[in-house]
Structures are given as structure tokens and as C-alpha cells.
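Naming: A, B, ... by sequence-line order, numbering from 1 per chain. These numbers come from a predicted model, not from an experiment.
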There are 2 protein chains.
Amino acid sequence: MANATIRDVAREADVSVASVSRALNGHSNVRPELRRHVETVAAALGYVPHAGARNLSMARANAIGVVLPDLHGEFFSETLRGMDRAASERGLQLLLSNLHDGDRAVAMLHTMRGRVDGLIIMAPHIDPALLLAGLPSSIPAVLVNCAAPGKDRPTLQVDNVAGARVMTEHLIATGRRQIVHLSGPESNAEARERIEGYRAAMDAAGLQHRIVAGDFMQETGAALTPQILRDHPEMDALFAANDMMAIGALIALRAAGIDVPGQIALAGFDDIPLSRLISPALTTMHVDIAGIGERAVARLTDAIAGAKDHQLEMSLPELMVRETTQKARVSRA
Amino acid sequence: MANATIRDVAREADVSVASVSRALNGHSNVRPELRRHVETVAAALGYVPHAGARNLSMARANAIGVVLPDLHGEFFSETLRGMDRAASERGLQLLLSNLHDGDRAVAMLHTMRGRVDGLIIMAPHIDPALLLAGLPSSIPAVLVNCAAPGKDRPTLQVDNVAGARVMTEHLIATGRRQIVHLSGPESNAEARERIEGYRAAMDAAGLQHRIVAGDFMQETGAALTPQILRDHPEMDALFAANDMMAIGALIALRAAGIDVPGQIALAGFDDIPLSRLISPALTTMHVDIAGIGERAVARLTDAIAGAKDHQLEMSLPELMVRETTQKARVSRA
DNA sequence: ATGAATGATGTAACCGGTTACATCAAGCAG
DNA sequence: CTGCTTGATGTAACCGGTTACATCATTCAT
């Protein structure tokens with residue numbers, strides 16, 4: 001019933017456990033015939049090594065823990081895809097954990113200790129002090145898009161401030177003036193940075209900011225749009241803090257009979273795969289989502305190998321002009 | 001430097017390791033003052049229990065392994081989301097593995113032995129015999145959308161045959177006659193079942209089948225469409241075996257200046273979130289993707305708990321009529 | 001022929017927890 | 001006062017691997 005252990009194999013093959021271990025792991029100092037014999041017996045018993053035990057004795061889990069704020073939407077699935085690719089190249093597995101709130105966060109990190117060699121933490125919505133307090137300094141970790149660029153941890157970030165500034169400037173350059181920013185939640189560091197970039201560009205152009213607080217969800221983008229139209233009747237551009245909200249807004253604008261980009265320009269942020277597929281195609285800031293996942297794994301494996309490189313790696317998003325921000329038609333009236 | 005172990009805590013607190021273990025795990029037979037003392041010392045040392053060691057000694061990993069064919073696209077990210085929800089409710093973590101080909105598949109399963117309590121295997125593209133051969137019968141596993149309904153394993157499947165039949169009948173009922181099926185890869189069990197459903201409905205209506213082999217990828221849907229238009233100039237409906245290919249086809253059709261659904265009706269399968277967001281919205285078979293993920297975890301935890309219920313659970317997809325299959329306009333000519 | 005070097009194999013400690021069982025002190029009934 | 005029960009704590013075995021080191025048989029140089 002229960003699975004065979006290495007001792008069962010040793011007894012059956014009439015050799016020591018050490019020989020079984022060596023034979024099965026391809027060590028060189030094993031007689032070929034002995035190796036074959038052990039392999040035969042192991043196969044006959046259906047022996048599969050117990051990875052947990054091996055991990056314990058080798059003090060190496062060959063796995064990395066990934067904590068994400070949310071599995072919703074394409075953004076995180078893309079990140080995960082990048083991580084998976086980089087991880088399986090290195091023979092690592094991913095231990096996944098959704099990180100809802102700050103309290104359970106620390107408990108979660110603890111659950112991971114001893115089952116993973118390091119952690120990738122993506123938590124723009126969690127107080128970084130709280131996070132780092134619960135993180136033993138001995139466990140390697142890379143922070144992705146966290147609020148504070150962990151001083152003594154490798155860190156990856158998207159330059160949200162610059163990105164939002166570029167997008168806002170693009171909107172201004174294409175003739176928009178009454179630009180409303182539909183932001184992410186205040187508690188989210190990336191959302192705050194994007195607000196900052198928007199503010200900077202608007203200030204530089206001498207325009208007035210209008211910020212409406214959203215929460216990065218598509219439904220909210222749709223739900224808030226009618227209200228935005230009411231409160232800002234003069235609006236000629238809507239800059240959503242991420243693509244999902246922009247798409248929600250697009251649906252609501254379409255439902256309201258508003259022409260995009262004819263009457264109102266629409267912009268998003270992230271460039272999820274979906275954004276080029278909708279119609280009209282969404283202008284957005286391209287973030288190399290899967291690439292960030294890959295880089296995170298690369299940095300983490302370096303850190304696990306002992307690298308002391310705690311540099312902050314900042315990636316600059318790129319403006320993708322598509323259909324939703326084409327110049328407004330000359331008024332037909 | 002290295003992390004404190006339970007013996008460090010025991011030494012520092014001047015008690016035995018057993019007491020530390022008991023105190024920290026909330027056993028009742030510990031003097032309250034001793035417990036507090038141990039907790040204080042543990043906190044002072046920054047002690048975090050080594051989950052791997054605990055797993056080994058308790059013979060319980062509190063994790064489940066998930067093997068997926070591909071992380072691409074919304075389908076699997078939705079599945080994963082459902083699994084994550086169900087898993088974290090039960091205090092389980094997910095160990096993720098992308099399963100590219102059959103050879104590495106078995107190795108992968110072995111890597112998981114001893115680090116997970118059970119497996120969820122989603123592998124419509126892998127020879128089930130190969131798969132089950134590599135799977136020790138002692139490890140609980142549930143099969144999702146695998147080619148063969150594992151006789152002695154809990155199994156979840158989508159009724160692809162019925163679903164494809166319903167969709168094809170819908171197309172016929174809305175007046176289409178020259179219906180081309182853009183199928184998934186022959187190696188994929190689900191693709192084969194959808195072909196079968198399409199065939200059944202076409203046969204029943206006395207119509208001729210036209211099947212073009214695709215591979216479930218959006219790019220392929222787009223790339224194959226011009227060729228399909230050339231080879232089947234009379235086509236009035238295109239039924240893609242999944243939504244991603246349908247969306248690819250939609251883009252290509254739009255580029256070719258073809259009116260959907262005016263000239264050609266378009267249908268997909270899966271009902272990924274994206275399909276209702278594109279324009280025109282895609283008619284498709286709704287599959288409760290996240291729900292299947294949740295059910296898989298539920299069935300697996302039952303199996304881990306010792307349930308012997310190896311019933312095949314079949315879920316019936318539901319027709320979602322949207323814009324791409326509205327009745328063809330009366331010819332304007 | 002003898003001692004050293006080499007190579008294959010076995011013994012047992014170790015990784016870091018959990019827990020059955022032993023031990024011991026205190027409380028209590030007779 | 002003695003013997004039994006009860007509760008708290010300690011001892012050590014165990015989970016299933018890996019591996020340093022010991023052992024032993026060869027082989028080879030001297």
C-alpha cells in the first residue's frame with residue numbers, strides 16, 4: 001500500500017541504503033552491474049524517491065515561493081507564465097500563494113519557510129514594513145512592485161511615475177485638455193505612483209487634475225463611468241490606471257453612446273494581451289509582464305546562489321498608441 | 001546567520017524540544033507560563049518552523065500539485081484561480097508545474113511525490129496510459145479533462161461532444177449551412193471530442209463536414225483564416241474549437257473586410273472572460289472554468305481523506321448566444 | 001613480498017521537526 | 001503514610017532521504 005522507501009529497496013537488493021542512493025543518483029563510484037541491479041529492484045518495487053525527505057537532508061527545496069495579491073485578470077497570469085518559464089528552465093517548481101490581506105501574509109511566508117529556497121513577493125498593497133518584519137533575513141527574496149524598494153533585497157519595479165507621465169503627455173499632445181484619471185486604490189503603491197505621474201504631467205502643462213478613485217477592477221471601471229460622465233461633462237479623455245478598468249470604461253462608454261476616441265479618448269496601463277484585441281484597440285503603456293516574472297526568477301536564483309546584488313531594477317513602460325487615443329475628429333457640428 | 005531550529009529554542013529556553021513543539025503548536029498539556037516563556041524565546045530568536053521537516057515527520061505536505069499543459073491564455077489562469085480559492089480555504093498550497101511533453105511529465109510527477117498530498121492532473125494532450133503508468137497508485141490524484149476517464153481515479157470532464165453538438169445545432173438553426181470547424185490539435189482529447197460533436201450534428205442535419213486542423217492558439221486562428229476563406233468561399237459559419245482561435249479568426253475576418261455575423265457567423269468554445277468583451281461579442285459554449293478548478297480541489301481533498309468515490313463528474317457546457325451568430329442579414333443585393 | 005593508493009561498499013550521523021513512551025512530582029483516597 | 005492517579009516534562013525513536021567516514025579488497029610501485 002504505502003510507497004516503497006529507499007530502505008525497502010536496499011533490503012530487497014541486499015545492499016546498503018547508501019549504495020541505493022548513489023546508484024540511483026548517478027554517482028560515479030558504483031559498479032555498473034550493481035547500479036543495474038538496484039535500478040531493476042527499484043523499478044520492480046515502484047520506488048519513487050520522497051522529494052520532501054531529500055529536500056530536508058540536502059537543505060534545498062528546488063522550489064520557489066510566489067506570493068501574489070490576486071490571481072484575477074491577465075496581469076498576474078502573465079507574470080506567472082513568465083515565472084514558470086524561467087523556473088522550469090532551472091528545474092524549479094513554483095509554490096503559489098494568493099496573498100489577500102496583510103495579516104495572513106506573514107503566516108503565509110512562514111508556511112513557506114523550509115519548502116522553498118526563496119520567495120518572490122509581489123505585494124503593492126501590503127505595508128512593506130509589516131512584510132519585511134515577518135521575513136527572516138536569512139531567506140532570499142525578491143520584491144516585485146512593492147511599496148518600498150527593499151534596501152537589502154533585490155527589487156524589481158515598473159517606473160509607474162514616468163509611465164503615467166508619458167501617457168498623460170501623449171493625451172495632451174493629441175489635443176486633450178480635460179483629462180480625468182481613474183486611479184487604482186489608494187492603498188496600492190503602484191496606483192499612487194501612477195497618480196503622481198499623471199499629476200506631474202498635468203501640472204507641467206498647467207492643466208487641472210481630476211482624479212476619481214477606482215480599484216483596478218473591470219467592473220468598477222464600468223460602474224464608475226456614468227458617474228464620471230455626470231461629474232465631468234467636459235471630459236475629453238479618460239486615463240485609467242490599468243487596462244482592466246479601461247476596458248470596463250470602454251464598455252460603459254459604448255453603452256452610453258459615446259464615441260471613442262471621437263468624443264473621448266481612452267487610455268490604460270499594463271498592455272495586457274486583451275488590450276490589443278478589443279475594438280477600438282486600447283492605447284496603453286506596455287509593461288513587459290511576463291519578462292518581469294522571468295527576471296524575478298533570475299534575480300532570485302542569483303540571490304539563492306549567494307549573490308549580494310541588491311540593486312533596484314527599474315523597467316520603463318513603453319507607450320503603445322492604438323485606436324482609443326486617435327485625434328478627436330474635427331467637430332462635425 | 002542560518003535560521004534557528006527547534007533545538008536552538010529548546011536550549012535557549014532551557015526546556016526539551018518536545019516542550020517547544022508542544023508549546024508552539026498549542027497542545028493543551030503545557031503550563032501557560034512555560035508556553036509564554038517558549039514563545040518569548042522563539043520570537044527573540046526569530047524562530048520560524050521548518051515546514052519541510054514538519055511535513056516529513058507528519059507525512060502530510062499540506063500542498064497539492066497541479067500539472068497543467070500550458071499557462072497560456074485565460075483558460076488556465078481561470079482554472080488556477082478556482083483551484084487557488086478552494087485550496088486556500090482548506091489551508092493548502094499549490095505546487096505548480098507546467099507539463100510540456102509526455103516524457104518530462106512522468107519525471108515531473110515524481111518530483112512531486114513527497115511534497116504534495118495529491119495531484120490534480122490536467123492533460124488532454126498526454127497519452128493517459130503513459131501518465132498513469134508513471135503515477136504510483138498510492139498517491140491520490142484527480143484527472144481533469146484527460147483523454148481516458150481514469151477507471152480508478154476521480155475524474156472531471158467537460159462534455160465536449162454534447163457542447164459541440166449544441167453549438168453546431170445552434171448555427172444550423174440560425175440558418176447556416178456551410179459550417180467549417182476549426183479544430184484543435186488531433187493529439188488533444190478535448191479537440192477530438194469537439195470534432196465528434198460537430199460531426200454528429202452535421203450528419204444529423206445531412207450537411208457535409210469541413211474540418212480544418214488548428215491548435216487552440218489565437219495566432220493560428222488568425223493565420224489560418226485567409227486560407228479557410230480561400231478553400232471554402234461558400235462558408236457562412238466558422239466554428240472554432242476554442243475562444244482564443246475564434247478571436248484570432250475574428251481579427252482576420254475583420255481585416256479581410258468580412259462582416260461578422262452579416263456574412264459569416266463565428267462561434268467559439270470555453271467562454272473565457274474575454275469573449276464577452278470583444279466586439280462583436282462572441283457566441284460560445286460556457287464552461288465553468290473556475291468552478292472546475294474548485295471541484296477538482298474538493299474531489300482531491302476527499303480522495304486524500306480516504307474517499308473511494310471514483311465517479312466521473314461530467315459538466316455540461318451552456319450555449320451563450322451573443323453577437324457573432326445573430327441571423328445573417330437578408331441579402332441586400 | 002609489502003605498503004600505499006585506489007575504488008566499491010557499508011555504517012551511522014544528520015537534516016528539523018513530531019510524538020510514543022518514560023519519568024517524575026504533586027494531589028488525593030484509604 | 002502509602003499507593004494510585006493525574007499532569008507536565010524529558011528522552012529518544014522516527015519520518016526518508018544524503019553523505020562523511022570507516023572498512024575492505026584490489027592493484028600497483030618498490
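- Look at CG on B/N25: it is 17 Å from P on C/dG16, rounded to the nearest Å.
- For the pair A/Y47 OH and D/dT18 C1', the interatomic distance rounds to 11 Å; values are reported in whole Å.
- Within residues 52-60 of chain A, the residues that place at least one heavy atom under 4.0 Å from DNA chain C are, in residue-number order, A/L56, A/S57.
- Electrostatic pairing of A/D8 and A/R11 counts as a salt bridge here, judged by a charged N lying under 4.0 Å from a carboxylate O.
- Between the CG atom of A/N62 and the P atom of D/dG17 there is a distance of 16 Å, rounded to whole Å.
- Here B/R81 does not pair with B/D84 in a salt bridge; the nearest charged N to carboxylate O distance is not below 4.0 Å.
- One finds a side-chain N or O of A/S21 lying less than 4.0 angstrom from the OP1 or OP2 phosphate oxygen of D/dT18.
- Checking side-chain atoms of B/N188 against main-chain N and O of B/E190 turns up a donor-acceptor pair under 3.5 Å.
- Atom C1' of nucleotide C/dG16 and atom CG of B/D8 are separated by 10 Å, given to the nearest angstrom.
- Rounded to whole Å, atom C1' of C/dC21 lies 13 Å from atom CG of B/N29.
- The distance from atom NE2 of A/H50 to atom C1' of C/dC15 is 14 Å, rounded to the nearest whole Å.
- When distances are taken from the side chain of B/R7 to each of D/dG17, D/dG10, C/dG17, the shortest belongs to C/dG17.
- With no hydrogens or angles considered, a side-chain donor-acceptor pair links B/R54 and B/N25 at under 3.5 Å.
- Within 6.0 Å of atom CD in B/E33, more than 12 heavy atoms from other residues, nucleotides or ligands are found, so the atom counts as buried in its surroundings.
- At distances below 3.5 Å, at least one donor-acceptor pair connects side-chain atoms of B/H50 with backbone N or O atoms of B/G52.
- Here the side chain of A/H27 is nearest to one of C/dG17, C/dT9, D/dT19, namely D/dT19.
- Listed for the A/Q157 side chain is a donor-acceptor partner under 3.5 Å among the backbone atoms of A/C146.
- In this structure, B/L24 places its CG atom 16 Å from P of C/dG16, rounding to the nearest Å.
- Between the base of D/dG7 and the side chain of B/R31 there is no donor-acceptor pair shorter than 3.5 Å.
- Taking atom CD1 on B/I6 and atom C1' on C/dT19, their separation rounds to 11 Å, with Å as the unit.
- Along DNA chain C, the nucleotide nearest to A/V30 and the one nearest to A/V17 differ in position, and the one closer to the 5' end is contacted by A/V30.
- Between the side chain of A/R22 and the base of C/dG10, a donor-acceptor pair under 3.5 Å is found.
- For B/A18, the side-chain atoms get nearest to C/dT19 when compared with the rest of C/dG17, C/dG10, C/dT19.
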